[in-house]
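As structure tokens, the structure follows; a few thoughts come after it.
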There are 2 protein chains.
Amino acid sequence: MLGSMTRPKDPVGPGLAALAGLMADETRAGFLLALLDGRAWTAGELARYAGVAPSTASEHLGKLVTGGLLTEERQGRHRYVRLADARVAQLVEDLAAHVRPPAAERPRTLRESSAGSAMARGRTCYDHLAGRLGIALTDALTGQGLLRQDTGFALTDAGLRWFDSAGIGLDRTGRRPLTRACLDWTERRPHLAGTAGAALCRHALDAQWCVRIGSERAVKVTSEGERAFAELLGIEPTALH
Amino acid sequence: MLGSMTRPKDPVGPGLAALAGLMADETRAGFLLALLDGRAWTAGELARYAGVAPSTASEHLGKLVTGGLLTEERQGRHRYVRLADARVAQLVEDLAAHVRPPAAERPRTLRESSAGSAMARGRTCYDHLAGRLGIALTDALTGQGLLRQDTGFALTDAGLRWFDSAGIGLDRTGRRPLTRACLDWTERRPHLAGTAGAALCRHALDAQWCVRIGSERAVKVTSEGERAFAELLGIEPTALH
DNA sequence: TGAACGCTTCGGCGGGGACCGAAAGGTTGC
DNA sequence: GCAACCTTTCGGTCCCCGCCGAAGCGTTCA
């Protein structure tokens with residue numbers, strides 16, 4: 001071992017440091033977390049959100065786009081940016097999940113608490129559902145034998161049939177995994193992500209099972225949604241509040 | 001949206017930036033990648049490995065330990081450090097997996113190639129098996145209906161029985177998932193990680209199905225291992241070279 | 001006990017990067 | 001065409017941090 005100490009450095013090292021460096025700034029980290037809602041933000045929105053000058057935000061966005069974490073779309077005088085893909089979203093989630101523990105409790109204002117409780121009830125997490133709503137769906141799928149969590153995280157054959165009979169199409173052609181466990185920030189437990197999670201979220205919004213609250217990430221279940229979730233997954237409406 | 005622009009910043013932002021900052025230095029990134037072999041290194045070994053002064057390495061290790069990514073163990077005049085746990089290993093792997101694509105090809109010396117091919121054949125990845133060996137095992141488990149990859153990543157009931165009958169105990173009490181997909185650097189495909197992957201690796205080393213080459217991460221399959229893998233999983237010996 | 005060794009602390013140096021304001025380039029709408 | 005708007009580029013400042021060598025502390029071994 002001592003003789004081979006001068007071995008060539010792992011070429012991944014610099015790349016890893018560069019990738020981490022993109023997220024190692026508080027402002028850029030704030031951008032990425034904001035963009036976790038899966039939607040496109042303009043440069044100005046992000047600048048105001050993070051409390052920095054537009055010129056500063058512009059420089060940060062340039063780095064994030066060049067680094068492949070964001071994609072941009074120019075429309076007239078606006079520059080819309082969004083997370084490059086689901087893999088980037090997952091990466092940010094994974095990092096963020098690692099952060100939570102030390103955060104612990106902290107003083108909350110009333111406004112924060114109420115906004116927080118709406119978020120805690122139900123929200124989108126990139127392209128799937130999270131919060132108590134996401135957990136309730138994941139638990140129901142598991143309890144009905146449609147999703148297996150005890151030996152990993154995968155849909156069962158019955159689960160495949162359920163999606164089919166519910167009219168929720170699953171695109172299994174891409175390289176993205178069908179299911180994936182995403183650690184829920186508020187519930188501290190995994191909820192359904194991946195292609196299946198995205199399809200379920202998309203269908204729930206399309207079918208008005210839940211609707212976005214304002215233009216925020218938070219969503220709330222409609223009465224129609226309560227009926228659908230009860231009928232299809234045996235979820236009691238009280239579990240959604 | 002415009003009115004709520006002054007919303008309180010996500011408290012995760014600073015934490016995320018700090019965590020990423022720990023990996024955003026080339027030297028520290030090199031440390032973490034080296035430590036991905038799952039073993040304990042001394043401060044001096046890491047310093048020589050990365051090509052920095054001992055004092056510099058000491059400062060880096062202090063940050064990594066304080067940040068919770070490493071744990072240390074003092075023995076006499078030595079300071080041994082290792083990755084704090086499997087979650088940290090996973091985090092580093094995930095980041096590194098995101099880096100590979102842009103790396104592309106580059107000139108290789110003969111020494112690198114031969115060392116590389118031994119690593120490519122089989123190696124440990126923190127506490128489980130990777131390289132062609134890891135892929136062969138994962139594929140065989142999948143082909144035999146013991147591991148399900150098409151709808152996620154989970155052991156089947158038959159898979160649970162296989163581990164039991166092979167005498168490989170699975171500790172299912174911890175919070176660590178039983179199975180997890182870990183993207184293989186050289187094969188670009190997922191191999192088995194998690195509690196089951198660690199148990200399989202541990203058993204393979206204990207039973208001398210494979211042995212470490214020198215004190216490196218690379219491992220090679222023994223003739224006894226070839227027999228065991230053929231009998232238990234139907235793997236042809238040629239798939240292991 | 002003294003010498004060799006591994007690690008840490010400290011002072012100092014140098015480079016990189018985050019930030020802003022001012023000015024300029026495009027786009028939209030009156 | 002002109003004004004309002006969003007964004008970008010540029011110059012300049014400041015601070016943080018990675019690096020080293022020297023000195024000091026504790027351990028090991030002769």
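Chain letters run A, B, ... following the sequence lines, proteins first, then strands; residues in each count from 1. These values consider heavy atoms only, across backbone and side chains, with no hydrogens, waters or symmetry-generated copies.
At whole-Å resolution of the value, CH2 in B/Trp41 and C1' in C/dC7 are 18 Å apart. At whole-Å resolution of the value, CG in A/Leu46 and P in D/dC6 are 14 Å apart. For B/Glu59 and D/dA22, the CD to P distance is 16 Å, given to the nearest whole Å.
With distances taken from any side-chain atom of B/Ala53 to the nucleotides C/dT8, D/dC20, D/dG18, the minimum falls on D/dC20. In this structure, of C/dC19, D/dT8, C/dT9, it is C/dT9 that holds the atom nearest to the side chain of B/Ser58.
Under 4.0 angstrom from either OP1 or OP2 of D/dG18 there lies no side-chain N or O belonging to B/Thr27. Using a 4.0 Å cut-off, no side-chain N or O of A/Ser55 falls inside it from OP1 or OP2 of D/dT8. An OP1 or OP2 oxygen of C/dA18 is reached within less than 4.0 angstrom by a side-chain nitrogen or oxygen of A/Lys63. The side chain of B/Arg74 places no N or O atom within less than 4.0 Å of a non-bridging phosphate oxygen (OP1 or OP2) of D/dT27.
Listed by residue number, the members of residues 65-73 of chain A with any heavy atom below 4.0 angstrom from DNA chain D form an empty set.
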Can A/Val92 and A/Leu36 be said to form a side-chain contact (heavy atoms from CB on, under 4.5 Å), step by step? CA-CA 8 Å; A/Val92 177; A/Leu36 259 193; 4.2 Å; yes
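Taken to the nearest 0.5 Å, the CZ atom of A/Arg189 stands 8.5 Å off from the OG1 atom of A/Thr138.
Counting only heavy atoms from C-beta outward, the side chains of B/Lys220 and B/Arg121 never approach each other to under 4.5 Å.
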With B for base contact, S for sugar-phosphate-only contact and - for none (protein heavy atoms under 4.0 Å), nucleotides 1-6 of chain C reads ---BBS
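The aromatic rings of B/His191 and B/His128 lie tilted to each other, with the angle between the two planes from 30° to 60°.
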